[in-house]
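What follows is one structure encoded as C-alpha cells, with my remarks underneath.
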Amino acid sequence: MTFDPQAASSSLLQNLNPEQLAAVTLPPKPALILAGAGSGKTRVLTTRIAWLIQTGQLYPGGVMAVTFTNKAAKEMLTRLGAMLPIPVRGMWIGTFHGLCNRFLRAHWKLAGLPQGFQILDSSDQLSAVKRVIKAMNLDEERYVPKQVTWFIAAQKEEGRRPPDVEVRDEQSRLMVQVYAGYEAQCQREGVVDFAELMLRVYELMRDNASLREHYQRRFRHILVDEFQDTNRLQYAWLKMFAGPETAVFAVGDDDQSIYAFRGAQVGNMAAFEREFHVEQVIKLERNYRSFGNILDAANELISRNQKRLGKNLRTEAGPGEPVRVHESPTDYAEAQWFVDEARQLHREGTPRSDIALLYRSNAQSRVMESALFNAGVPYKVYGGLRFFERAEVKHALSYLRLIENPNDDTSFLRVVNFPARGIGSRTLEQLQDAARASGRSLYQSVGALSGKGGNNLQAFVAKVDAMREATRGLTLREIIVHVLEASGLVDFYKTDKEGRERLENLEELVNAAEAFVTQEGFGKDAVALPIDEHGPGVFGGTAGRAEFNTPGAEAVEDGSSIEPARARPGLFDGAGGRSAPAHQGAGAAVPDGAAAALAATVTPDAETGEIMSPLAAFLTHASLEAGDNQAQAGQDAIQLMTVHSAKGLEFDCVFITGLEEGLFPHENSASDPEGLEEERRLMYVAITRARKRLYLSFSQTRMLHGQTRYNVKSRFFDELPESALRWITPKNQGFGSGYSREYQAAWSRGSGLGSIVGTGREPAPPPKPLVSAKPPAHGLRSGQSVFHTKFGEGVILTLEGAGDDARAQVNFGRHGTKWLALGVAKLTPVE
DNA sequence: GGCTACAGCATTTTT
DNA sequence: TGCTGTAGCC
C-alpha cells in the first residue's frame, strides 16, 4: 500500500468547520487563533501539525508545540500519533518547562550547568530559600520565605538577574542579596528551579547567536497552546525561537485568562498580533460542547468585561435545558441539596464522573465532602498533594538524588536524619557553618566535624556512598528497590503505625519508575536528538533552509529599534518587537553558523555516551511531572474541584456552588476592576464546562474559618440573562425571606423540566436557628437583611455596642462591607 | 533529639 | 474550623 499524501490530507481535513479549516490550512506565517471554549482548539492544533507534515510542507523535526501542562502535551501527542503514520519523536512537543529541560540537557555545558543537574519543585525551592535566609542571618518575620521565593520567581519571570533588580531601600537590597545567595547556592548544588529552566534557555538563546540561528532555522513552525496564559518570560522565550521564517501559530482565549495572579499576561495576545504582524485573526466561535442556554449565559456574562478581543460562542445544538438556580439557607443545606440532586442525576443515567461540583476556593469542598461521604456517594477531590510531592516519596527521591549528585544539599538535609540516626539540629548547624566557611557542599564538609555528631554524619555519608556503589549498573527498578531498603525507609514505615499507605506509595514509586522506563522510553524529554539529524525526511518535504538574516537585521526588520541599555537590561518591557539584544556575547564557544560544531555542544557522557543516566532522567521526570493526584482507579465518582482546575475539562452536568459576594467574586479581587474581570472570566470558564445541564447555587450563610458568614448572592446573577435561567428554589425560600421562616422542604424543583421531579427522599430538616441571640433594642439581628438608601440591600454581619454606640457591620455585596452607626444610618429591615 | 501543645492563619496553581 | 510551624518540655 502506498502512502498518498493528497488523500491523507483530505481525510484529515474532513469534518472541520470553515473556521477550523481556515486555521489549519493557514499559510506559514504568524497566526493568532481566538479559540472559544469547546470550539475544538486541540483538534485544530494537532490537525495543523499533521496537515503540514502530510502535505510535505514540514519535516517532523521542524515542529515545536508548546503547552502548559503535561496533560495537554500528552493529549496532543496521542492525537497526533493517531493522525500520522510516523512516530512523533523528533518533534518538540511538550510543556515550556519540559522543552527547556530537553534543551538544557543537550546544551548543559553551554548553559553552565552540571550534566546531571536536577530540578527543584516548589517545596524544594522554598526550603532552599529558607536555608539562604538562615545563612544570611535574616529575620524570617521580615523576610518571609514564601514571599522571598515568590519575589525571586517574579524577578526571573521578568528576566532580571540580581544585578538587574532595582533596589529602593534596605529591605529590597537584602531581598536582592537573598536572590543572589540563592542563585549561588543553586549553582553550587547543581540544581535549577522552574523559572530558572525558562530563564537559562532564554539567556542562552539571546547571547549565543549561532545557537539561536540554528534553532530559529530548525523550527519552521512553532505552535503555542493556551497563549493567554503565557507570562513575559515565556513570550520573550518564544520570540527567541521564532526566526524571521518561523510561523508561530498561537492559540488562545482571552476570555479564559484566569492566571494573572501567577504572572500570565493576557496582553501577550494583543502584543503578538501587533509584533508579529498577524494579518488575520481567526475566531473559532462555534461551540461543540454546550446547549444554547448555557452559552447564552456565558456570552451575556462575559460581555460585561471591558477588556476583550471580542468573541461570541454559538451552537447549533438548540437551547437545551434552562440554567437552574438554587438558593439555600446554609452551606450545609446546599450540600444536602447537591447530594440529592446528584444522586437523582445518577439514577437517571448520568455517570457520576460526568457530574462536576465546582467551587471558587478549596475550603468549600469540606462541607460537600462530608455530605457526600455521609450519603455514601463516591466522589473524587482534585487538587492537593500529588504523588511525587508526598513526604515518603520525596524522601525516597532525595536518597536517589544524593546518589546521582551528593552535593544536593536540599536532598541531603531532607534525609540526613530520616529515618532518625542521631543527627540533630545542633550537629547540622555546625555542618552548615563548616560548609559555608569552605564554600563546599554539606556532603563534602562532613569530614570537618568530629565527635558523636560527626561520626553519625560520616555513617550517613558512608551509607549513601555504599548505595551508590551497590546500585552501579543496576536497572532503574533495582536501584530504587535497593535504595528503599538500604536507606531504612522500608523498615521505618513497616513499624510506623500509619506506614501502610506510605509503603504502598513507595511501591507505587517503583511501579512509576518501571512505567517510565518501559512505556515512555526513559528520558524521552531528556535525550536530545543530535541536532542536525533531521533532514526533510521520508515525506520529501520541501521545507528547505531559508536564507538567514543576521539576528541584528532581524530585530531591525521587525521595525522596532533596539532600546539602549537600561537600568534593567535583558527585559521584555521594551516597546515590543523581537527585542533580543542579539549582539550580546554571541556564542564564543560555538563557531558561527557551523551546525556540525553545534552538534558537538550536545554533550554526551564521556564514558557511556548516554546523554543522561536512567536515574537522572527519572528524577527529572519526577520534578517536571508531579504525577496525578491519587487516581482512585476505576471508581465512578463525582468530581469535585476548583474552577481553576476545571479549565480544559467538560462534564454533562456542572454545579457551580458558593455563588456569593465575597466568595465568587472573591473579596480579594472584587475591589479592583482588573480583579473583577478576572473573576468574571473565572465564572465564564465555570459555565462553559457544562455540556447539558448547569446548576448555579448559593447559600445565605456559610461557615468559613470557623465563623458563620452572612452572604449576599453573587453579582454575577445580575449579569446573566433571565431568559436562560430557572429558579428552582421554592419562592418563599428565596433570598430576603429571612431565616425565621421554616425551611421549605418540598423539593418542588423544576416542574416542567420533567426529569427531576421528586426524589422520594425524606424532606430536608428545617434549618437550625441561625441566630440565637435575642434581639436588642434596635430590633436588628445579625444575619438579617436590611436596606440602606445609599448602599442598597445588605446583610448584617455583626452587631456591637448598645444605645447610641450601637454599630453594625453590614455586607452590601458589591458596595462592600461597612461599619455603620445605627444612630446615624437608616437601616430598614427587609422582609 | 524527639515529641506534644498552642498560636496564627486561611483565594486561585502548573511546572 | 482545621492545618502548619514553632516553642518548649521530657
Side-chain angles (χ1 to χ4, degrees), chain A residues 66-73 94-101 119-127 130 140-141 144-146 150 153 156-157 192-199 225-226 229-231 233-234 257-264 331 358-367 369-370 382-386 388-389 416-429 452-453 456 525 620-629 641-648 658 662-670 675 678-679 681-683 685-686 702-709:
Chain A
V66 213
T67 64
F68 277 84
T69 65
N70 290 302
K71 203 177 158 196
T95 62
F96 275 104
H97 295 88
L99 295 182
C100 284
N101 178 52
I119 299 161
L120 298 182
D121 69 20
S122 357
S123 67
D124 296 332
Q125 195 190 350
L126 183 64
S127 57
K130 275 186 186 165
E140 284 205 3
E141 304 270 283
V144 184
K146 262 204 190 110
W150 177 84
K156 289 188 180 183
E157 280 167 11
V192 294
D193 61 37
F194 289 127
E196 187 70 30
L197 282 171
M198 294 287 317
L199 185 53
D225 190 19
E226 306 276 19
D229 288 339
T230 52
N231 63 30
L233 179 52
Q234 285 156 341
S257 162
I258 55 174
Y259 284 115
F261 71 92
R262 67 175 197 209
D331 50 351
L358 309 186
Y359 35 80
R360 174 67 239 266
S361 64
N362 288 303
Q364 288 165 252
S365 73
R366 181 152 283 125
V367 220
E369 282 186 69
S370 69
Y382 284 76
L385 269 198
R386 273 183 299 260
F388 288 115
E389 289 168 344
V416 66
N417 199 35
F418 192 92
R421 43 178 76 90
I423 299 169
S425 55
R426 206 165 31 97
T427 308
L428 287 176
E429 239 151 70
K452 190 166 150 250
N456 289 342
D525 290 336
T620 298
H621 166 81
S623 312
L624 241 32
E625 197 163 339
D628 265 332
N629 357 22
M641 66 192 83
T642 62
V643 179
H644 279 95
S645 31
K647 190 175 161 209
L663 246 194
F664 201 177
H666 198 276
E667 53 202 349
N668 297 356
S669 307
E678 176 136 327
E679 293 288 311
R681 291 192 291 269
L682 203 46
M683 181 67 183
V685 168
R702 184 173 297 277
M703 194 66 134
L704 205 65
H705 309 323
Q707 272 178 336
T708 303
R709 290 183 32 147

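Just the heavy atoms: all of them, side chains too, but no hydrogens, waters or symmetry mates, feed the values below. Predicted model only: the values in this text are computed from it and were never measured. Here is how names work: the chains are called A, B, and so on, in the same order as the sequence lines, proteins then strands, and each is numbered from 1.
- For A:Arg421, the side chain to side chain contact (heavy atoms under 4.5 Å, CB included) partners two or more places apart in sequence, or in a different chain, are A:Tyr399, A:Asn417, A:Pro419, A:Ile423, A:Phe460, A:Lys463.
- When heavy atoms are screened at a 4.0 angstrom cut-off, A:Phe261 is found touching base atoms of the nucleic acid.
- Looking at heavy-atom distances under 4.0 Å, A:Tyr259 makes contact with sugar-phosphate atoms alone, never a base.
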Exercise for review: Report, as a single string ordered 5' to 3', how protein heavy atoms within less than 4.0 Å touch nucleotides 2-10 of chain C: B base, S sugar-phosphate only, - not at all.
Suggested key: S--------
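- Residue order along DNA chain B, read from the 5' end via each residue's closest nucleotide, puts A:Glu678 first among A:Glu389 and A:Glu678.
- Between chain A and DNA chain B, the heavy-atom contact criterion of under 4.0 Å yields a 5' to 3' nucleotide range of B:dG1 to B:dT15.
- No engagement by A:Ala195 is indicated, since no non-hydrogen atom pair under 4.0 Å with the nucleic acid exists.
- Under the side chain to side chain donor-acceptor pair (under 3.5 Å) criterion, A:Thr69 pairs with no residue, sequence neighbours left out.
- The existence of a salt bridge linking A:Arg426 and A:Glu429 is excluded, since no basic side-chain nitrogen approaches an acidic carboxylate oxygen closer than 4.0 Å.
- With sequence neighbours left out, A:Tyr359 forms a ring pair (Phe, Tyr, Trp, His ring centres under 6.0 Å) with no residue at all.
- For the side chain to side chain donor-acceptor pair (under 3.5 Å) test, no residue two or more places apart in sequence or in another chain qualifies with A:Arg262.
- Among the protein residues, A:Thr427 comes within range of the sugar-phosphate backbone only, with heavy atoms under 4.0 Å from sugar or phosphate atoms but none that close to a base.
- A:Glu157 contributes no side-chain N or O that, together with a main-chain N or O of A:Ala195, makes up a donor-acceptor pair within less than 3.5 Å.
- Residues that satisfy the side chain to side chain contact (heavy atoms under 4.5 Å, CB included) test with A:Glu369, not counting sequence neighbours, are A:Ser365, A:Tyr379, A:Val381, A:Leu640.
- C:dG5 sits 23 Å from B:dT12 when the C1' atoms are compared, rounded to a whole Å.
- Base orientation of B:dT12: anti (glycosidic angle beyond 90° from 0).
- A:Asp121 comes within contact range of no nucleotide atom at all, as no heavy-atom separation falls under 4.0 Å.
- Within 4.0 Å of A:Asn362, counting heavy atoms only, lie sugar-phosphate atoms of the nucleic acid but no base atom.
- Note on A:Ser425: only backbone sugar-phosphate atoms sit closer than 4.0 angstrom, heavy atoms only; bases stay farther off.
- With sequence neighbours excluded, the residues that form a side chain to side chain donor-acceptor pair (under 3.5 Å) with A:Gln364 are A:Ser361.
- If you check every strand for non-hydrogen atoms under 4.0 Å, A:Gly706 touches a base.
- Residue A:Ser645 is in sugar-phosphate contact alone, with no base atom involved, counting any heavy-atom pair closer than 4.0 Å across all strands shown.
- For the side chain to side chain contact (heavy atoms under 4.5 Å, CB included) test, residues two or more places apart in sequence or in another chain that qualify with A:Ser123 are A:Asp121, A:Lys394.
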